Number of protein chains: 2
Amino acid sequence: MAKSMIVKKHEHDAGEVEFIHAEKAESVRSMMRSDDQFFRFAEKIKTLGDPTRLKILFALSQAELCVCDIANLLCVSNSLISHHLRLLKTMRLVRYRREGKMAFYVLDDEHIRNIFTEGFNHIEE
Amino acid sequence: MAKSMIVKKHEHDAGEVEFIHAEKAESVRSMMRSDDQFFRFAEKIKTLGDPTRLKILFALSQAELCVCDIANLLCVSNSLISHHLRLLKTMRLVRYRREGKMAFYVLDDEHIRNIFTEGFNHIEE
DNA sequence: TATACGATTGAATATATGTTCAACTGTTTA
DNA sequence: TAAACAGTTGAACATATATTCAATCGTATA
């Protein structure tokens, strides 16, 4: 109903953080990992959170493929595949080998291979 | 060295897609899942690809907590937690229960609980 | 009943991210 | 040696996403 009325916050001693359920919350706090660990973990997961990259990884879990064939397979540009492969390479999820003017990529992460071979929609993260 | 010279593309019969390594590529193509499956899978993974949500899920894997305590625990606003919880609820990763003016949330996904209890940095997706 | 409080919501913002495009590299081959 | 080709790169763009802020809801309480 009414809004923006005068507000007089309940003054609380210091600037200390107050939990409503102190015991439980403190116990959880003691289990918490560092910000950095959560951040890095999230970065790794993000790498997998894109349909195009998932397709690439799935394809590379089936066979060693050159950039060109991956692009045709997914019906997208060479350039796009190359961009994604760079990221996947940085994250050490794929490995590559040069042969003449071609570059052959393979999946280089057994955990991801398992996700795909173990049914895909079955485990589903 | 030089650039933008006249280009005469090698004309190839029809508009058919051509693989460089036809046999391998066709075999991989036959294993491919639908766009929709990749898309939905990626959506689920994306939900986990954020540090704040990971922290929330980890906290809720340790105990049932109210929004307010989660916010204090992570040193972020109530509002932010609420936004994230809505998404997590939509994705059926958390469950909640109302009690008076408070809402208590818990983790509602055993697979995620395993990821956390099995070492966190050990499996690391 | 008016105020406080926990929680939710929507709009606004800033930033991150996927995709496209054009230019370029290095290798092959005609 | 010049053209074709596989692949890479950086800038530009559009969209998605996380976070903030102010307003609001419903419940409790002084």
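Chain identifiers are assigned alphabetically (A, B, ...) following the order of the sequence lines, protein sequences preceding nucleic acid strands; residue numbering begins at 1 within each chain. Not measured: the values here are computed from a predicted model.
A distance-only check finds no donor-acceptor pair linking the side chain of B:N78 to the backbone of B:A71 [under 3.5 Å]. Looking at B:D108, its side chain never comes within 3.5 Å of a backbone N or O of B:L93 through a donor-acceptor pair.
Considering only the side chain of B:R86, C:dT9 comes nearest among C:dT9, C:dT20, D:dA18. Of the candidate nucleotides D:dT20, C:dG18, D:dG7, D:dG7 has the atom nearest to the side chain of A:M102. Comparing C:dT19, C:dG6, D:dT8 against the side chain of A:L80 picks out C:dT19 as the nearest.
Residue B:H84 has a polar side-chain atom (N or O) positioned under 4.0 Å from OP1 or OP2 of D:dT19. Applying the 4.0 Å criterion to OP1 and OP2 of C:dT8, one finds that B:Y105 has a side-chain N or O inside that range. Not one side-chain nitrogen or oxygen of B:S82 sits closer than 4.0 Å to the OP1 or OP2 atom of C:dT9. The phosphate of C:dG6 has neither OP1 nor OP2 within less than 4.0 Å of any side-chain N or O from B:R98. For B:T52, a side-chain nitrogen or oxygen approaches OP1 or OP2 of D:dT19 to under 4.0 Å.
The interatomic distance linking A:L74 (CG) with C:dT20 (C1') rounds to 16 Å, in whole Å. A:I45 has its CD1 atom 14 Å from the P atom of C:dT17, to the nearest Å. Distance CG (A:D69) to C1' (D:dA6): 11 Å, rounded to an integer number of Å. Here the P atom of nucleotide C:dT17 and the CG atom of A:L88 are 14 Å apart, to the nearest Å. Rounded to whole Å, atom C1' of C:dG18 lies 14 Å from atom CG of A:L85. As rounded to whole Å, 9 Å separates atom P of C:dT17 from atom CG of A:L87. Taking atom NZ on B:K101 and atom P on C:dT3, their separation rounds to 16 Å, with Å as the unit. Atom CG of A:N78 and atom C1' of C:dA23 are 15 Å apart (whole Å).
Each of A:D50 and B:A103 lies near DNA chain C, and the nucleotide nearest B:A103 is the one positioned closer to the 5' end. Residue order along DNA chain D, read from the 5' end via each residue's closest nucleotide, puts B:I20 first among B:I20 and A:S79. Remark on DNA chain C: of its neighbouring residues A:S77 and A:E99, the 5'-side contact belongs to A:S77, judged by nearest-heavy-atom nucleotide.
The aromatic ring of A:H83 sits over the base of D:dT9, with ring centres less than 5.5 Å apart and planes inclined by under 30°.
A cation-pi arrangement is absent between B:K24 and B:F19, since the terminal nitrogen or guanidinium carbon is not both under 6.0 Å from the aromatic centre and inside a 45° cone about the axis.
Under 4.0 Å is where a charged nitrogen must lie from a carboxylate oxygen, and between A:R40 and A:D36 at least one such pair does.
Ring centers of B:H21 and A:F104: under 6.0 Å apart, within the cut-off.
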